[in-house]
Q: 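Take this structure, written in structure tokens, and hold onto it; I'll ask about it next.
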Amino acid sequence: MACCSLSVCLLAFHPAPSAVTRAERDAAAATTTTTAVTVAEPTSAVYLDTHTFASTVGGAAPWAWRKTNDGPRIRTDHRAYAEPSLPSRPRAGDKYSDAVFGTEIMRATDERDYPSPGCGTFYSQWPTFNADATRLLIRCGGSGDALIKAFDPAAFKLGRTLRRTPTLPGGVSLEWQGATWSRTDPDLIFVHVNYYNAGSRQTGMKVYTYRPSSDSFTLLKDFAPQLSPGRPDYLFEMHVDARDELFTFMHKRVGQSEPLFFIVWKKSADRVLLHVDNRSLDSNAAVPDKSGRFVYFPLNQTQPDGARHKIYDTQTGRWETLHWKAQDDPPSHGDVGTGTTVGRSPWSGGINFRQLSAPRKFSLIFDMKDARGVTDWSNDQHMTLYADDESWALLGTYDDPGEAAGETGAFEDELMQVATDGSGRVRRLLHTRTKVDNRSRRVGGVKQTAPCGRRRRAAAAETGAGHDEENLTDMSTLKKLKRATLRSLKTIGAFRVVQQSGWRRRRLLILAYHGVSLDDEHLWDGSMYMPAEMFRERMRLLRDSGATVLPLGEALARLYADDLPERSVALTFDDGAHDFAARAFPIIEEFGLPVTLYLTTFYSVYNRPVFDGFSSYLLWRGSGARLNLKGLTGQAIELNLSSDAERREAHAALRRFARERGLSAEEKDALLLSLSKQLKVDYDELIAKRMLHLLNPGEVKALSEAGVETTCDTGYASRESDGLLLPRFLDVSSLAPIEFEGWLTGVSAALPRRREGVGREAEAYGSDSARAGLAKA
């Protein structure tokens with residue numbers, strides 16, 4: 001969805017290809033590597049050259065751009081490059097240059113083409129360019145309207161608008177979001193209707209071809225007689241292979257939001273190869289690879305058997321499964337190529353690549369590490385393998401405020417190519433210019449930086465979503481300003497001056513943590529958990545900072561005796577969770593640091609998952625499902641767990657039910673088991689991992705024997721601090737390394753700040769752990 005009525009931008013490299021046939025492009029592949037690219041902000045998108053097709057990835061304002069030379073401005077290193085300031089926005093067809101990468105950018109649509117929220121693009125399987133790159137199919141508005149514009153790839157010039165949201169005779173609308181250009185005929189689009197109407201024979205489960213040149217439609221296939229005779233069913237989300245041969249669809253029904261089935265259809269044989277019931281599959285898409293042999297099914301959630309993705313082989317009829325575990329490392333936000341798939345690794349944070357014929361074998365082709373070797377988890381991304389030349393995958397990144405863990409500034413809001421041969425090579429092409437705010441679902445998830453602010457505020461006001469989104473935008477801007485300020489202060493030596501000052505010596509920094517993830521807890525709640533790799537990086541920074549890390553007891557004694565050593569720090573963990581022993585303590589031991597552990601009691605002896613936290617976690621793991629509270633609380637209420645608000649409502653209802661009924665610990669545990677069954681989450685597996693469990697007495701004893709020592713405003717403790725109300729600094733996943741360093745030195749104490757990560761602590765642990773004082777392990 002575009003912001004500020006922006007829309008499509010295009011990108012190209014010199015010399016851009018002429019309008020030639022696919023055979024001519026393939027023949028020329030050996031003699032030229034020049035390219036034309038179309039890019040959608042922020043997650044970018046397309047790669048087009050003399051032997052490739054174009055497409056877009058992501059869902060924001062697509063712009064157009066081109067590289068003015070293929071020389072040294074294409075960066076191949078891993079350094080961080082600051083985004084250049086935005087110029088005045090050009091009109092559609094006009095261009096400007098990216099100051100860092102030497103890229104010429106063209107605006108393809110503006111507010112004259114479509115009112116707010118403007119135009120955008122969708123995913124890489126739905127191409128923007130036609131087969132010879134002379135036409136653009138642009139999606140607009142919230143309803144999926146369309147524009148078709150002419151384009152000259154040789155001159156990198158935008159032409160006139162040829163068609164506006166074509167409809168079937170009688171005004172029947174079509175699903176342009178999933179419409180796809182033919183890969184073999186540049187004047188052909190595959191498109192289907194987007195609803196069922198008993199009074200219109202043209203609606204339902206019908207697929208059409210559309211010719212822009214003649215503005216004419218032809219019925220290609222009606223699936224209703226075979227798959228749903230007499231039922232109010234329709235198609236959604238179509239994908240097509242690179243031969244215009246294998247088609248996939250969602251099979252939906254009026255009144256039901258989730259797809260009932262998925263359809264896999266072979267056009268030349270007019271044969272339905274697969275009509276799979278989605279109640280057992282639980283998928284959100286069916287994407288054919290470009291060869292038409294494999295169909296990739298990403299699942300809505302991890303299944304009870306651990307399945308996360310399914311792959312169907314149309315030749316053998318066999319299914320393969322990728323499980324949610326490091327050995328399979330199922331990719332996300334990626335694409336399928338010719339018998340291949342690429343995407344982000346949930347375990348390493350890098351990019352992995354695999355053959356669909358052997359999907360459990362994969363290679364890490366890009367590690368997302370900066371020049372210092374630090375992995376940046378703060379960038380979300382999308383990828384495309386739409387190019388005929390699959391030796392490079394196109395990767396578009398965007399800074400995700402919901403994942404600020406380990407932010408290095410490298411690869412932020414960029415479009416780049418990643419080599420798929422495992423060499424680790426990268427070509428960094430340009431900065432994309434929109435931001436995504438995953439915390440504001442009411443505005444479609446996309447916001448653009450200045451100079452779009454005033455227009456974006458007006459658009460938000462029109463949709464009734466202005467205040468929440470503006471506050472989040474301002475908060476993000478302040479955080480970016482704060483980080484920039486810290487980097488500048490570090491550069492000029494202010495960090496060194498403050499950390500050696502008498503002020504810092506008289507103060508004790510108490511670093512507080514809650515948890516280090518056993519699995520995916522940091523994705524559920526980044527204010528309580530951080531991934532182990534990030535925690536290790538924090539401990540490295542702590543060790544390398546020159547700080548003196550003291551046990552809390554000794555640190556307090558020396559604080560009140562005015563005998564603190566330079567840069568004193570104490571390390572503490574709250575709640576006494578099992579993940580401390582399993583994940584955090586081995587890393588702390590690795591760096592030889594003392595640590596103090598705050599313990600709670602009840603769930604240590606009754607060693608089952610803490611009810612409040614675990615019920616919230618289960619509802620998150622069940623995101624996308626529909627939950628009926630009737631069998632849990634007796635309330636005849638059905639909630640859609642895709643919604644944050646409805647997950648919170650479900651969680652509040654469960655906690656209220658447990659409190660009002662006075663449920664025992666065993667009864668709460670039984671309620672959690674019933675909830676997990678309804679959500680199809682493997683309860684036994686989570687129990688075996690001891691997710692959201694506290695330490696048992698044996699683990700407490702073992703930690704005590706290992707030397708672990710066994711209440712709070714952000715800041716530094718001083719001699720004036722109340723010994724029972726010591727200020728501590730809670731380190732969370734959203735904190736950038738530069739902010740962490742700022743706290744170690746003392747510089748951050750002088751900057752404006754807000755409390756982070758305090759919202760769910762009481763919710764997850766407060767009511768059940770009873771916090772019966774502090775104890776020594």
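Along the sequence shown, the residues carry numbers beginning at 1. Worth saying up front: this structure is predicted, and the values here are computed from it rather than measured.
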Q: Minimum heavy-atom separation for Val516 and Tyr529, please, with both atom names.
A: N-CD2, 4.0 Å
Q: Could you verify whether a donor N or O on one side chain and an acceptor N or O on the other, from Glu533 and Thr375, lie under 3.5 Å apart?
A: yes
Q: Please lay out, stage by stage, how Phe591 and Arg536 fare under the test side-chain contact (heavy atoms from CB on, under 4.5 Å).
A: CA-CA 9 Å; Phe591 289 92; Arg536 177 177 281 105; 3.9 Å; yes
Q: Ring centroids only, cut at 6.0 angstrom: are Phe411 and Phe366 within range, meaning strictly under it?
A: yes
Q: Answer yes or no: is there a side-chain heavy-atom contact under 4.5 Å between Val240 and Leu246?
A: no
Q: Identify, with sequence neighbours excluded, every residue that meets salt bridge (Lys or Arg N to Asp or Glu O under 4.0 Å) alongside Asp289.
A: none
Q: Excluding sequence neighbours, so at least two apart, what forms side-chain contact (heavy atoms from CB on, under 4.5 Å) with Glu237?
A: Trp126, His239, Met250, Ala285
Q: Looking at Asp313 and Arg293, is there a salt bridge between them, counting it only when a charged N and a carboxylate O are closer than 4.0 Å?
A: yes
Q: Side chains of Thr76 and Arg428: closer than 4.5 Å at any heavy-atom pair?
A: no
Q: Counting C-beta onward and ignoring hydrogens, is there a side-chain heavy-atom pair between Arg360 and Leu322 closer than 4.5 Å?
A: yes
Q: Sequence neighbours left out, what passes salt bridge (Lys or Arg N to Asp or Glu O under 4.0 Å) with Lys149? Give chain and number order.
A: Asp113
Q: Is Lys490 salt-bridged to Glu741, cutoff N-O under 4.0 Å?
A: yes
Q: Would a 4.5 Å heavy-atom cut-off, applied to side chains only, mark Pro127 and Tyr386 as touching?
A: yes
Q: Could you tell me the separation between the CH2 atom of Trp392 and the CG atom of Asp421, rounded to the nearest 0.5 Å?
A: 7.5 Å
Q: Looking only at heavy atoms, which two atoms of Tyr296 and Val336 are closest? And how far apart?
A: CB-CG1, 3.8 Å
Q: I need the Ser348 OG to Leu364 CG distance, nearest 0.5 Å.
A: 4.5 Å
Q: Let me confirm one number: the OG-CZ distance from Ser517 to Phe535, rounded to the nearest 0.5 Å.
A: 12.0 Å
Q: Test your reading of the model: is there a side-chain donor-acceptor pair from Asp132 to the backbone of Pro186, 3.5 Å cut-off?
A: no
Q: Using a 3.5 Å distance criterion without hydrogens, assess whether the side chain of Arg425 forms a donor-acceptor pair with backbone atoms of Gln417.
A: no
Q: Partners of Arg543 by salt bridge (Lys or Arg N to Asp or Glu O under 4.0 Å), sequence neighbours excluded?
A: none
Q: Grab the two heavy atoms, one from Leu541 and one from Pro737, that are nearest each other, plus how far apart they are.
A: CD1-CB, 4.1 Å
Q: Within the side chain of Lys95, is there an N or O that forms a donor-acceptor pair under 3.5 Å with the backbone of Phe156?
A: yes
Q: Sub-3.5 Å donor-acceptor pair from the side chain of Arg344 to the main-chain atoms of Pro331, do we have one?
A: no
Q: Evaluate side-chain contact (heavy atoms from CB on, under 4.5 Å) for Leu744 paired with Leu542, printing each intermediate quantity in order.
A: CA-CA 7 Å; Leu744 291 178; Leu542 178 59; 3.6 Å; yes
Q: Going by atom types alone, do Glu739 and Ser748 pair a side-chain donor with an acceptor below 3.5 Å?
A: no
Q: Does some side-chain heavy atom of Gln381 sit less than 4.5 Å from a side-chain heavy atom of Met368?
A: no
Q: What closest approach, in Å, do Val342 and Phe353 show between heavy atoms, and which atom pair accounts for it?
A: CB-CD1, 4.0 Å
Q: Compare every heavy atom of Gly339 with every heavy atom of Ser291, then report the nearest pair and how far apart it is.
A: OG-N, 4.5 Å
Q: What verdict does the side-chain contact (heavy atoms from CB on, under 4.5 Å) test give for Arg243 and Lys290, after you've listed the backbone C-alpha separation in whole Å, the side-chain angles of each residue and the deciding distance to 0.1 Å?
A: CA-CA 7 Å; Arg243 302 178 301 151; Lys290 292 195 301 191; over 6 Å; no
Q: When you measure from the centre of the six-membered ring of Phe740, is the NZ or CZ of Arg538 under 6.0 Å away and within 45° of the axis?
A: yes
Q: Going by side-chain hydrogen bond (donor to acceptor under 3.5 Å, both in side chains), name the residues that satisfy it together with Ser545, two or more places apart in sequence or in a different chain.
A: none
Q: CD1 of Ile587 to CZ of Arg540: how many Å apart, nearest 0.5 Å?
A: 13.5 Å
Q: Take His309 and Phe297 through the ring pair (Phe, Tyr, Trp, His ring centres under 6.0 Å) test and state the conclusion after the steps.
A: CA-CA 6 Å; His309 301 295; Phe297 291 88; over 10 Å; no
Q: Quick check for you: to the nearest 0.5 Å, what is the distance between Leu158 atom CG and Asp152 atom CG?
A: 10.0 Å
Q: Please check this pair: side chain of Asp328 against backbone of His323, looking for a donor-acceptor N/O pair closer than 3.5 Å.
A: yes
Q: Without swapping roles, check the side chain of Lys157 against the backbone of Gly93 for a donor-acceptor pair under 3.5 Å.
A: no
Q: Do side-chain atoms of Thr248 reach the backbone of Ala286 as a donor and acceptor pair under 3.5 angstrom?
A: yes
Q: Would you find a donor on one side and an acceptor on the other, under 3.5 Å apart, between the side chain of Glu390 and the backbone of Thr338?
A: yes
Q: Taking the side chain as every heavy atom from C-beta outward, state whether Leu385 and Thr340 have any atom pair closer than 4.5 Å.
A: yes
Q: Looking at side-chain heavy atoms only, is the closest gap between Phe151 and Thr134 below 4.5 Å?
A: no
Q: Going by heavy atoms in the side chains, are Trp181 and Asp244 under 4.5 Å from each other?
A: no
Q: Please determine whether side-chain contact (heavy atoms from CB on, under 4.5 Å) holds for the pair Gln301 and Arg308, giving the CA-CA distance in whole Å, both sets of side-chain angles, and the decisive distance to 0.1 Å.
A: CA-CA 6 Å; Gln301 59 188 341; Arg308 192 66 184 185; 4.3 Å; yes
Q: Where the side chain of Asp413 meets the backbone of His431, is there a donor-acceptor pair that is under 3.5 Å apart?
A: no
Q: Where do Ser345 and Asp329 come nearest, in terms of heavy atoms and distance?
A: OG-OD2, 2.7 Å
Q: Is it the case that the side chain of Thr408 and the backbone of Ala410 share a donor-acceptor pair, with hydrogens and angles ignored and the cut-off at 3.5 Å?
A: yes
Q: Who passes salt bridge (Lys or Arg N to Asp or Glu O under 4.0 Å) against Asp520, sequence neighbours left out?
A: Arg621
Q: Report yes or no: do Thr341 and Arg354 form a side-chain donor-acceptor pair below 3.5 Å?
A: no
Q: When you check the side-chain N and O atoms of Ser733 and His522, is any donor under 3.5 Å from an acceptor?
A: no
Q: Do Arg75 and Asp77 meet the salt-bridge criterion of a basic N to acidic O distance under 4.0 Å?
A: no
Q: To the nearest 0.5 Å, what is the distance between CG (Asp388) and OG (Ser391)?
A: 11.0 Å
Q: Set out, in order, the CA-CA distance, both residues' side-chain angles and the distance that settles salt bridge (Lys or Arg N to Asp or Glu O under 4.0 Å) for Arg107 and Asp94, then state yes or no.
A: CA-CA 6 Å; Arg107 191 177 183 187; Asp94 292 339; over 6 Å; no
